[in-house]
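A quick write-up on the structure given underneath.
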Amino acid sequence: MNMIIMGPPGCGKGTQANGIVQNLGVVHISTGDMLRAAVKSGSELGQRVEAVMAAGELVSDDLMMDIIKERLRQRDANDGWLLDGFPRTVEQAEGLMALLDEIDQSVGAVVSLEVPNEEIVQRLSGRLTCRECGFVTSRQSVGADDPNRCPQCGAEALYQRDDDREETVRNRLEVYQTKTYPAAATLGDRYRLERIDGVGEPAEIAQRIRGVLE
Ligand code: AMP
């Protein structure tokens, strides 16, 4: 089963994606994670995308298509995948559909998580990410005693992503609405699109997703 999960920044996409890949046993392909890894390694790709990401802008469609083409051609992508963070524009959606036709694959479901803007700004400005293991938590959950310690791996490595600052969050939302939201409709013309209310506890939302996938 191949799937796509979409939604505005901070809608809980990453958390839900982790649950889905565990349940379905498919590979998790997160373009945001791939790009952050490139930035961290200081590779040529990382250097090219660092400033664009920090400003909450989108990396170019051509570059993203090259990255996804290479990733979907890897052997582990033959047995099902979940795309998280791709496509983000109508051009990427069209490019993906053409690529999938070429490699004789399809998409079983596109899940779009919907969360109102005010809630997103509130959620993201408190979000913390672990530099070591990628775990995502919030200022409220880690408390004041040891605010940098990751509850998952124990490293003193929690930080606020540059793109989680309030002005950048507002820019990312604008980019989402003008560029990514229309891409969901493009995918919906061809594949099964399920719009799901992303407000609530993560377990509740996971249940909603399972409900529509069954
Ligand atoms: P994410 O972790 O999915 O929120 O992605 C973080 C950042 O990586 C985004 O704000 C973009 O700058 C960049 N990015 C990730 N995926 C894409 C994509 N499909 N197209 C363009 N830029 C992307």
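All ligand and atom numbering here is 1-based and tracks the order in the structure. Small disclaimer: the values here were computed from a predicted structure and weren't measured.
Near K13, meaning under 4.0 Å from one of its heavy atoms, ligand 1 places the atoms 3 (O). Ligand-side atoms of ligand 1 in range of R161: 2 (O), 4 (O), 6 (C), range being under 4.0 angstrom from any heavy atom. Close approach of ligand 1 to T31 (heavy-atom distance below 4.0 Å) involves ligand atoms 15 (C), 16 (N), 17 (C), 19 (N). Near R172, meaning under 4.0 Å from any of its heavy atoms, are these atoms of ligand 1: 4 (O). Ligand-side atoms of ligand 1 in range of Q92: 18 (C), 19 (N), 20 (N), 21 (C), range being under 4.0 angstrom from any heavy atom. Counting the atoms of ligand 1 from 1 in the order shown, those under 4.0 Å from a heavy atom of E57 are 11 (C), 12 (O).
Looking at ligand 1, you won't find any N or O of F86 less than 3.5 Å from one of its N or O atoms. The N/O atoms of R36, backbone and side chain alike, include one that comes under 3.5 Å of an N/O atom in ligand 1. Taking only nitrogen or oxygen atoms, main chain and side chain alike, G56 does not reach within less than 3.5 Å of ligand 1.
The environment of R195 atom CZ is dense: over 12 non-hydrogen atoms of other residues, nucleotides or ligands sit within 6.0 angstrom. Heavy-atom neighbours of E204 CD from other residues, nucleotides or ligands within 6.0 Å: above the threshold of 12. Annotation: Q122, atom CD; neighbour count of heavy atoms from other residues, nucleotides and ligands within 6.0 Å does not exceed 12.
Taking atom 1 (P) of ligand 1 as the reference point, the nearest protein heavy-atom neighbour is R88 NH2, 3.4 Å. In this structure, atom 22 (N) of ligand 1 lies nearest to the protein heavy atom V59 N, 3.1 Å. Regarding atom 7 (C) of ligand 1, its nearest protein heavy-atom neighbour is M53 CE, 3.8 Å.
Donor-acceptor pairing under 3.5 Å is recorded for the side chains of E114 and S112. If you check the side chains of D61 and T89, you find a donor sitting under 3.5 Å from an acceptor.
Residue M64 touches ligand 1 through its side chain alone, judged by heavy-atom distances below 4.0 Å. Here M65 has no heavy atoms under 4.0 Å from ligand 1, in either its backbone or its side chain. Counting heavy atoms closer than 4.0 Å to ligand 1, residue L35 contributes side-chain atoms (C-beta onward) but none from N, CA, C or O.
Classification of E174 and R172 as a salt-bridged pair fails, no side-chain N sitting under 4.0 Å from a carboxylate O. Using a 4.0 Å cut-off between charged side-chain N and carboxylate O, R123 and E119 make a salt bridge. With salt bridges taken as basic N to acidic carboxylate O contacts below 4.0 Å, none links R71 and D66.
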R73 and E102: salt bridge (Lys or Arg N to Asp or Glu O under 4.0 Å), yes or no, with the steps? CA-CA 11 Å; R73 289 200 160 108; E102 223 177 280; 3.1 Å; yes

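Each of V107, L24, L83, V110 was checked for a side chain to side chain contact (heavy atoms under 4.5 Å, CB included) with M3, and the lone residue meeting it is L24.
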